[in-house]
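Report on the following structure.
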Amino acid sequence: MSGVWVFKNGVIRLVENPNQSGFDTQSRRKVMVYLPTGEVVSSYSTLEQILQSLGWERYFGGGDTDLLQFHKRSSIDLISLPRDFTKFNSVYMYDIVVKNPNYFHVRDSH
């Protein structure tokens, strides 16, 4: 994985460069699976329903309109995701996995 780390409005994120020579987007594409059902998370509406069932709430205090954010009242954790689901990549997936152990898994898409 290659890219540049960007810090904006208190949030750091990796901006990937998928056009780098030799980078095969199909072989490195990842999906996130919700383990209790085995369902691949394929949209933000699905992800939001799952996160809400796990106690996460939408957070609107970040000020960055390019992000969807979720917080949990019982912790200091914040999940920040790009508003455009096509930009939802493994960096964001692993952030969700770490903050929700035993509920999600990231794997290759094929």
Side-chain angles (χ1 to χ4, degrees):
M1 183 181 318
S2 65
V4 176
W5 288 99
V6 176
F7 186 79
K8 180 180 175 186
N9 296 329
V11 177
I12 192 164
R13 64 180 140 183
L14 179 65
V15 178
E16 294 184 29
N17 182 8
N19 295 327
Q20 177 183 346
S21 63
F23 187 84
D24 181 3
T25 56
Q26 292 298 357
S27 67
R28 300 190 100 173
R29 185 127 179 101
K30 304 285 187 185
V31 294
M32 187 170 67
V33 178
Y34 180 54
L35 293 175
T37 63
E39 175 185 12
V40 172
V41 176
S42 58
S43 70
Y44 278 150
S45 60
T46 302
L47 179 58
E48 186 168 3
Q49 288 175 354
I50 294 168
L51 289 175
Q52 286 176 345
S53 74
L54 297 173
W56 291 89
E57 301 174 353
R58 283 289 300 273
Y59 177 71
F60 297 98
D64 190 339
T65 58
D66 294 336
L67 296 174
L68 293 177
Q69 295 182 311
F70 297 88
H71 76 101
K72 210 172 196 178
R73 289 181 188 234
S74 63
S75 77
I76 61 169
D77 290 333
L78 184 68
I79 296 173
S80 297
L81 308 171
R83 189 166 292 281
D84 181 355
F85 189 76
T86 61
K87 295 179 181 175
F88 181 63
N89 60 38
S90 62
V91 171
Y92 301 105
M93 293 176 194
Y94 283 115
D95 183 46
I96 293 170
V97 169
V98 167
K99 293 172 181 168
N100 296 279
N102 304 317
Y103 288 99
F104 293 97
H105 177 71
V106 177
R107 64 173 172 83
D108 291 333
S109 63
H110 47 263

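- Here CG of D66 is found 12.5 Å from CG of L81. Values are rounded to the nearest 0.5 Å.
- For the pair H71 and R58, the tightest heavy-atom approach, listed with the atom from each and the gap, is CD2-O, 4.0 Å.
- Placement of I79 and Y94 within a single hydrophobic cluster is found when ILVMFWY residues are connected by side-chain heavy-atom separations under 4.5 Å, directly or transitively.
- Residues satisfying the ring-ring contact (aromatic ring centres under 6.0 Å, His included) test with Y44, not counting sequence neighbours, are F85, F88.
- Taking CZ of R83 as the start and CG of L68 as the end, the distance is 4.5 Å to the nearest 0.5 Å.
- For the pair S80 and L67, the tightest heavy-atom approach, listed with the atom from each and the gap, is CB-CD1, 4.2 Å.
- Note that CZ of F70 and CG of L54 are 11.5 Å apart. Values are rounded to the nearest 0.5 Å.
- Not counting sequence neighbours, the partners of E57 by the salt bridge (Lys or Arg N to Asp or Glu O under 4.0 Å) test are R73.
- With sequence neighbours excluded, the residues forming a side-chain hydrogen bond (donor to acceptor under 3.5 Å, both in side chains) with S45 are S43, listed by chain and number.
- The CE atom of M32 lies 13.0 Å from the OH atom of Y92; values are rounded to the nearest 0.5 Å.
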Atom pairs and distances, side-chain donor-acceptor, residues 99-106, under 3.5 Å, sequence neighbours left out:
{"from": "K99", "atom 1": "NZ", "to": "L78", "atom 2": "O", "distance (Å)": "2.5"}
{"from": "K99", "atom 1": "NZ", "to": "D95", "atom 2": "OD1", "distance (Å)": "2.9"}
{"from": "K99", "atom 1": "NZ", "to": "D95", "atom 2": "OD2", "distance (Å)": "3.2"}
{"from": "N100", "atom 1": "OD1", "to": "W56", "atom 2": "NE1", "distance (Å)": "2.8"}
{"from": "N100", "atom 1": "ND2", "to": "I96", "atom 2": "O", "distance (Å)": "3.0"}

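- Look at K30 and D108 and you find a salt bridge, because one of the NZ, NE, NH1 or NH2 atoms lies within 4.0 Å of a carboxylate O, short of that distance.
- In this structure, K72 has no salt bridge (Lys or Arg N to Asp or Glu O under 4.0 Å) partners at least two apart in sequence or on a different chain.
- Other members of the cluster containing V31 are V33, V40, with ILVMFWY side chains joined at under 4.5 Å, either directly or via other members.
- Separating the OG atom in S53 from the CD atom in E48 is a distance of 11.5 Å, to the nearest 0.5 Å.
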